[in-house]
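What you see below is based on every heavy atom in this structure, not just the backbone, and it leaves out hydrogens, waters and symmetry mates.
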Amino acid sequence: MSKADLERAAITDTDLDGYEVVRIVAAPSASHRTADPVECTPVVQGLGGSSGFTATARVGRVIFSKKHGPGASMILSSHSAGDAARVIDVFRTAAKRCKTFKDIQADFRYSEAELQPDPGYGDESVSLRLTQLAADSEDEEPIRVPYTVVAVRQGASVAMFYEFNRPRGPRGKDPAVVPETVIRTQLTKLSKLGLSK
């Protein structure tokens with residue numbers, strides 16, 4: 001799928017009642033974010049909605065709830081069929097292995113990473129919950145920020161959804177979630193476009 005195809009396939013305000021959808025820039029190049037230990041790199045890349053694989057095209061959206069509920073960020077990418085499967089595979093493998101790690105570029109540490117039961121979206125999907133430890137120095141008590149990533153492959157397309165809870169917000173200490181309606185609406189729209197091509 002081309003970038004124009006992905007733009008048509010990405011959800012908009014009219015697809016999602018109760019949400020505002022804003023377009024964000026997403027480059028097709030592979031992510032250069034790295035982790036320590038290095039085998040956790042696919043998770044760090046997934047936290048930004050990307051992967052270590054160059055895509056044919058990528059588009060991005062931020063989805064805000066108008067009712068102050070959870071929203072999400074989403075990066076939708078198109079790959080060769082083989083690379084799309086590999087994006088999910090390396091993310092799943094890293095998510096299984098990595099409990100604690102550091103995002104080298106952002107200088108954030110993450111802990112309590114836990115692979116969730118397969119949510120059963122698309123052709124294959126992976127769900128991960130973890131906690132970002134945000135601190136200005138090693139000596140400072142970190143602020144704990146709940147994060148979640150849901151990666152879904154549908155054909156040769158990959159949708160990466162990610163969300164975090166603001167520490168001082170109403171859900172500050174609750175596990176972060178991506179609303180199911182956001183994921184299912186996006187996958188339905190992607191399927192319809194795929195069938196019409």
Side-chain angles (χ1 to χ4, degrees), residues 1-33 42-92 95 116 118-129 147-166 176-197:
M1 293 174 76
S2 67
K3 183 170 183 180
D5 291 331
L6 290 182
E7 290 287 1
R8 284 196 299 274
I11 48 180
T12 67
D13 294 5
T14 55
D15 300 311
L16 273 173
D17 189 36
Y19 292 88
E20 179 184 357
V21 181
V22 177
R23 184 178 296 181
I24 55 172
V25 175
S29 53
S31 172
H32 295 294
R33 289 172 72 172
V43 174
V44 164
Q45 293 169 340
L47 286 165
S50 192
S51 72
F53 295 85
T54 299
T56 306
R58 277 193 179 95
V59 299
R61 299 290 184 268
V62 180
I63 302 107
F64 300 98
S65 169
K66 293 178 181 176
K67 299 170 185 171
H68 307 292
S73 295
M74 177 199 68
I75 304 295
L76 185 60
S77 59
S78 176
H79 297 268
S80 69
D83 275 359
R86 283 188 277 274
V87 168
I88 297 296
D89 184 54
V90 298
F91 181 77
R92 183 190 294 111
Q116 300 299 299
D118 182 352
Y121 297 123
D123 293 323
E124 56 179 331
S125 54
V126 182
S127 178
L128 176 69
R129 283 183 178 162
Y147 259 82
T148 190
V149 182
V150 180
V152 185
R153 180 181 69 80
Q154 191 153 291
S157 299
V158 175
M160 290 278 220
F161 303 88
Y162 54 102
E163 175 66 332
F164 65 93
N165 290 349
R166 284 153 187 79
V177 296
V178 175
E180 184 171 4
T181 186
V182 170
I183 297 173
R184 292 209 178 277
T185 301
Q186 178 57 78
L187 296 179
T188 298
K189 191 169 184 182
L190 189 60
S191 291
K192 286 179 180 173
L193 185 81
L195 290 170
S196 68
K197 280 183 66 65

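Counting heavy atoms from C-beta on, the side chains of Thr181 and Asp17 never come closer than 4.5 Å. Counting only heavy atoms from C-beta outward, the side chains of Thr148 and Leu128 never approach each other to under 4.5 Å. Side-chain contact between Leu76 and Gln186: present, with at least one pair of heavy atoms (C-beta onward) separated by less than 4.5 Å. Annotation: side chain of Phe91 is not in contact with side chain of Gln45 (no heavy-atom distance under 4.5 Å). Annotation: side chain of Val90 is in contact with side chain of Phe53 (closest heavy-atom distance under 4.5 Å).
The salt bridge (charged side-chain N to carboxylate O under 4.0 Å, His left out) test applied to Asp13 returns no partner, not counting sequence neighbours. Looking at residues two or more places apart in sequence or on another chain, you find a side chain to side chain donor-acceptor pair (under 3.5 Å) between Ser125 and Asp118. With sequence neighbours excluded, no residue forms a salt bridge (charged side-chain N to carboxylate O under 4.0 Å, His left out) with Glu163. Applying the side chain to side chain donor-acceptor pair (under 3.5 Å) rule to Ser77 yields the partners His79; only residues at least two apart in sequence or on another chain are considered. With sequence neighbours left out, Glu20 forms a side chain to side chain donor-acceptor pair (under 3.5 Å) with no residue at all. By the salt bridge (charged side-chain N to carboxylate O under 4.0 Å, His left out) test, Arg129 pairs with no residue at all, sequence neighbours left out. Tyr162 pairs by the side-chain contact (heavy atoms from CB on, under 4.5 Å) definition with Ser73, Ile75, Val149, not counting sequence neighbours. Listed by chain and number, the residues in a ring-ring contact (aromatic ring centres under 6.0 Å, His included) with Phe164 are Tyr147 (sequence neighbours excluded). Not counting sequence neighbours, the partners of Thr12 by the side-chain contact (heavy atoms from CB on, under 4.5 Å) test are Thr14, Asp15, Lys189. Every side chain to side chain donor-acceptor pair (under 3.5 Å) that Gln154 has, sequence neighbours left out, goes to Ser191.
Under the salt bridge (Lys or Arg N to Asp or Glu O under 4.0 Å) criterion, the residue pairs touching residues 53-80 are Glu7-Arg61, with sequence neighbours excluded. Applying the salt bridge (Lys or Arg N to Asp or Glu O under 4.0 Å) test to residues at least two apart or on different chains, none of the pairs has a partner in residues 42-57.
Atom OG of Ser127 is separated from atom CZ of Arg92 by 12.0 Å, given to the nearest 0.5 angstrom.
Taking 4.0 Å as the cut-off between side-chain N and carboxylate O, Asp89 and Arg86 do not count as a salt-bridged pair.
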